[in-house]
Amino acid sequence: MRQDTLSGLLGHLNEIESKKAPASIYLDGHEEILYLTPKISVVGTRHPSELGGKRAYKLAWEIAVGEGVVVSGLAQGVDTIAHSAAMKAGGKTIAVLGTGCDVAFPSENAKLLDQIRRDHLAISQFAPGTPAKRGNFPQRNRTMALLSDATVIVEAGETSGTKHQGWEALRLGRPLFLLQSLAESGLDWVNEMLQYGARPLLDSSELFEVLPAVTDAHNAVEAPF
Amino acid sequence: MPLKRRSKIRYGSLLIYAIGDKLVNDAIQLSHDVTASIKNDSRLFEDELGPDYLARVFLDRCEGTSLGGFVPPDAILVPIPRSSPLKEHSSWPALRIAEALLAAGIGERVEPLLERIEATRSSSRDHGERLPERHYATSSARPLDLFADCPVVLVDDVIASGATALGMAWRLDDVIGRRDLRVLAIAQVKTVGDASFDLLSPTVGEIRFDPESGKASRVP
């Protein structure tokens, strides 16, 4: 595990990104995954419906098969499904944590976290050993929006904390997608997000149409002119 | 008496945002990556952010081309709003581009006079919709006390049909009156298929309104 800053890892952050970027980042695992594109957050409720769970699985699977990186938060429900689907599809996943990189929350996800730290990448803005605290998760969600090229909210209720990530994605100008079923739910926050630029998502192929190509962005592109 | 709406407006653009088969034509991906770095205000080459790099290119590479002198030195740069309303401290690509141009010595000042008050689909994804009226109807403009002859340049990241720009020009005409008004976009959408093309392609042309169809089109 090592510590760095986001600008140290990703290069110069613009003014909008810097505003809510964490001061430090801890990385545990295969750091090179951070430089792959596209990175797509798949997030949602801790208690998805059966259909919501299947949709999360399918989406994450298709992203992984398309060589995108699935980013999520190790929470129970949609996050766990997304990480698991990505790994089963032979793809890459990043877990962005609301605890230290060495602390699994929920504790039932300890094995999942171990696997991610060993074979993929765990990231946290919280020092090792930091336990789960309520206030950490909105911060984590904003960091997840910053690290990702796009965010997809699969399923979420009226009081879901996932909303923080959605609003941050919109603020940053990153594409924010709501699964079609969620977009049609009639929830107030969903309607408001659609008014501010969130897009309904019917098919995962739409993601790859608007996002950066599958690349390793670690090396700067030579200026063409 | 309401102003008669302008039926055409001059535009200038610097780069090509190419449409075609990425699997066949590698250059298309580069055009998308460059345009994305401008829209996202992200690192492009080495450690320079996209808008700053492109502003320098505009200054250095356009003299002697059709785009040289397109932005008058006393021009007010007015950024075109995004396709959705913005919350505070949100990314606004056109504003960032306008500020980068100003920092590079292009134009006299930046005035964010236009605002999107209702969401509309982004014109770069709305291939069939070229209706300036929709952009006019979903925007508002604040007045500004400008000297009568001060030219205005609407600034945007990507221009497709020109419908957004023309609708915004109409909206601006309502509050600041008819004056020398033109559009500068960093990139123009161009279908290239598998043909080769020059990414850096300074272009000056015209956006035209067809009153029968209600649509805008760009020439070239």
Side-chain angles (χ1 to χ4, degrees), chain A residues 6-21 35 37-38 142 145-150 163-164 166-177 183 191-200 206-215 217-225, chain B residues 14-15 22-23 26-37 39-54 56-57 60-61 81-96 99-100 116-122 124-125 138 157 198-202:
Chain A
L6 267 183
S7 54
L9 290 167
L10 302 176
H12 191 89
L13 299 182
N14 67 45
E15 189 185 327
I16 303 290
E17 291 169 334
S18 297
K19 190 168 173 59
K20 296 192 181 182
Y35 301 104
T37 63
R142 284 191 280 268
L146 176 58
L147 291 173
S148 304
D149 297 298
K163 290 184 285 186
H164 295 111
W167 285 116
E168 185 65 2
L170 289 173
R171 190 187 73 83
L172 292 168
R174 309 273 205 272
L176 171 66
F177 295 90
N191 291 336
E192 193 180 2
M193 275 191 191
L194 289 168
Q195 273 304 300
Y196 278 89
R199 315 173 209 190
E206 296 172 51
L207 293 170
F208 291 96
E209 284 172 19
V210 302
L211 292 181
V214 172
T215 60
H218 195 43
N219 301 312
V221 176
E222 191 180 317
F225 39 73
Chain B
L14 182 63
L15 305 177
K22 291 182 195 180
L23 294 177
D26 291 342
I28 291 175
Q29 189 56 57
L30 181 60
S31 84
H32 287 200
D33 290 344
V34 171
T35 307
S37 81
K39 287 175 88 69
N40 299 333
D41 194 11
S42 59
R43 191 172 62 117
L44 182 57
F45 306 116
E46 297 180 2
D47 213 25
E48 193 168 21
L49 296 174
D52 301 318
Y53 174 79
L54 267 302
R56 276 200 302 109
V57 170
D60 296 342
R61 301 292 292 269
R82 278 168 53 180
S83 56
S84 306
L86 286 183
K87 294 238 180 193
E88 205 178 359
H89 303 302
S90 290
S91 167
W92 183 357
L95 175 62
R96 176 67 176 96
E99 290 172 341
R116 183 78 72 175
I117 55 175
E118 190 182 316
T120 185
R121 281 168 60 88
S122 159
S124 65
R125 292 183 294 115
T138 56
D157 49 2
D198 291 323
L199 176 56
L200 182 63
S201 187

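Values below: all heavy atoms of this structure, side chains included; hydrogens, waters and symmetry mates excluded.
Residues A/Gln195 and B/Ala119 come closest through the heavy atom pair O-CB, 3.2 Å. The shortest heavy-atom contact between A/Ala183 and A/Leu194 is O-CD1, 3.7 Å.
Although no hydrogens or angles enter the test, the distance criterion places no donor-acceptor pair under 3.5 Å between the side chain of A/Ser148 and the main chain of A/Ala145. A/Asn14 contributes a side-chain N or O that, together with a main-chain N or O of A/Ile16, makes up a donor-acceptor pair within less than 3.5 Å.
Residue A/Glu192 touches chain B through its side chain alone, counting heavy-atom pairs closer than 4.5 Å. Residue contact with chain A, scored on non-hydrogen atoms closer than 4.5 Å, involves the backbone and the side chain of B/His89 alike. If you measure heavy-atom distances from B/Ile28 to chain A, you find no contacts under 4.5 Å at all. Of the atoms belonging to B/Arg61, it is side-chain heavy atoms, and not backbone ones, that fall under 4.5 Å from chain A. Neither the backbone nor the side chain of B/Arg96 comes within contact range of chain A; no heavy atoms are under 4.5 Å apart.
Looking only at heavy-atom pairs under 4.5 Å with chain A, the residue among B/Pro93, B/Ser84, B/Pro51 that has the most is B/Ser84.
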Take A/Glu17 and A/Arg174 through the salt bridge (charged side-chain N to carboxylate O under 4.0 Å, His left out) test and state the conclusion after the steps. CA-CA 11 Å; A/Glu17 291 169 334; A/Arg174 309 273 205 272; 3.2 Å; yes
